[in-house]
Amino acid sequence: MTIQTVSTNTSHGGVQGVYRHASAATGTDMVFSVYVPPHAEGAKLPVVWYLSGLTCTHANVTEKGEFRKACAELGLIFVAPDTSPRGPGVPGDANNAYDFGLGAGFYVDATQEPFARNYRMWSYVSDELPKLVAGHFPVYARRQTIMGHSMGGHGALTVALRNPHRYRAASAFAPIAAPSQVPWGVKALTGYLGPNKDAWRSHDTVALIEDGAKYSGFLVDVGEADNFLKEQLKPELLQAACTKANIPLMLRRQPGYDHSYYFISTFMADHLHWHAERLKG
């Protein structure tokens, strides 16, 4: 599998790159970013995956996430995929809504037409892109973690729960914790997976935990001034599910913070240090 370099920039002694490749999973070209910190020649480095939220691309966290200083200090590769397939012929929402279609892939493999051909973001982020990154960057395959924001927080937690031996840690900023129970998730899961709610459960963090999935623990930050907190995020459901399943959850409610990258960038270094501790050894 080959990649095309879109851009590279030196930052904190490492290299921030943006790359493009032809994806077999989505049937489109996909763009992603990778930050590689300064390191000794021949060294393999641990990897943190970051899944972005609704309306975003790789660029949002790459430009506003303020992760490079911490990654350089901690020796972490940071990978940020896109949130959905792009390009001519890729179907979107008929009404051009922001919460379904382009920019809103929800990290599932769609089974419903006309989305089934291209919207295969689960396969892309959990299988195809990791293999591609491993073939082109100095990654330590057995030392990886995952994190995300909002829709990407949903993606990160579900990917971790279904692949607990691959990802040593998982954290999230303002995750959609129970998509089967909130408007964003019901719209997306119905559109991509159909009306059978049993098919949704493998893409719902709370449902996965209720159905027996186990994990070593999560770090989750939510902003108390987040407009989406009560209707769309529902962290209390995640807290209840983790408590019942004896899964450690550090849920931090941050006063004054909203859903934006001002919030994410403020606590990004905290999350990366938390990940780094779990990537040791």
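Given the structure is predicted, the values throughout are model-derived calculations rather than measurements.
- Put simply, the side chain of Ser216 does not reach to within 4.5 Å of the side chain of Arg278, judged on heavy atoms.
- Counting heavy-atom neighbours within 6.0 Å of Arg253 CZ, excluding the residue itself, gives a total above 12.
- Taking both residues in full, the closest heavy atoms of Thr2 and His21 are given as O-CB, 3.5 Å, listed atom of the first, atom of the second, then distance.
- The closest side-chain donor-acceptor pair between Glu128 and Ser23 falls under 3.5 angstrom.
- Arg143 places a side-chain N or O within donor-acceptor distance of the main-chain N or O of Leu279, the cut-off being under 3.5 Å.
- Looking at Ser202 and Thr158, their side chains never come closer than 4.5 Å, going by heavy atoms from C-beta outward.
- Taking the side chain as every heavy atom from C-beta outward, Tyr192 and His203 never approach each other to under 4.5 Å.
- The 12-atom threshold is exceeded at CG of Asn196, counting heavy atoms of other residues, nucleotides or ligands nearer than 6.0 Å.
- Closest of all the heavy-atom pairs between Ala72 and Pro38 is CB-CD, 4.1 Å.
- Within the structure, every pair that satisfies the salt bridge (Lys or Arg N to Asp or Glu O under 4.0 Å) test and touches residues 107-121, not counting sequence neighbours, is listed here: Asp109-Arg120.
- Within the 3.5 Å criterion, the main-chain N or O of Thr57 finds a donor-acceptor partner in the side chain of Asn60.
- Contact of the Met121 side chain with the Thr26 side chain is registered, since non-hydrogen atoms from C-beta on lie closer than 4.5 Å.
- Looking at Arg166 and Ser126, their side chains come closer than 4.5 Å, going by heavy atoms from C-beta outward.
- With hydrogens and angles ignored, the 3.5 Å screen pairs no side-chain donor or acceptor of Arg20 with any backbone N or O of Val6.
- When each of Val79, Ile77, Val34, Val36 is paired with Val139, the side chain to side chain contact (heavy atoms under 4.5 Å, CB included) condition holds for Ile77 and for no other.
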Can I get a per-line list of side-chain donor-acceptor pairs under 3.5 Å for residues 96-108, giving both atom names and the distance, sequence neighbours left out?
| from | atom 1 | to | atom 2 | distance (Å) |
| --- | --- | --- | --- | --- |
| Tyr98 | OH | Trp184 | NE1 | 3.1 |
| Asp99 | OD1 | Lys187 | NZ | 2.8 |
| Tyr107 | OH | Ser52 | N | 3.2 |
| Tyr107 | OH | Ser52 | O | 2.8 |

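- Considering only residues two or more places apart in sequence or on other chains, Tyr19 meets the ring-ring contact (aromatic ring centres under 6.0 Å, His included) condition with Phe32, Phe137.
- Looking only at atom types and distance, the side chain of Ser11 has no donor-acceptor partner in the side chain of Asn9 under 3.5 Å away.
- Side-chain atoms of Ile176 and Gln232, non-hydrogen and from C-beta on, never get closer than 4.5 Å to each other.
- His12 and Tyr35 have their aromatic ring centers separated by at least 6.0 angstrom.
- For an aromatic pair to be called close, the ring centres must be under 6.0 Å apart, and Phe67 with Tyr50 fails this.
- With sequence neighbours excluded, the residues satisfying side-chain contact (heavy atoms from CB on, under 4.5 Å) with Asp204 are Ala178, Pro179, Ser180, Val206, Ala207.
- The side-chain heavy atoms of Ile209 and Ile247, taken from C-beta on, include a pair separated by under 4.5 Å.
- Residues passing the side-chain contact (heavy atoms from CB on, under 4.5 Å) test with Ala174, sequence neighbours excluded: His149, Asp226, Leu233, His259, Phe263.
- Under the 3.5 Å distance criterion, the side-chain polar atoms of Glu277 are left unmatched by any main-chain donor or acceptor of Trp274.
- Tyr215 places a side-chain N or O within 3.5 Å of a backbone atom of Ala169 that can act as its donor or acceptor partner.
- Two residues are said to be in side-chain contact when any heavy atoms from C-beta on lie closer than 4.5 Å; Glu231 and Pro183 meet this criterion.
- Checked against side-chain contact (heavy atoms from CB on, under 4.5 Å), Thr10 has no partners two or more places apart in sequence or in another chain.
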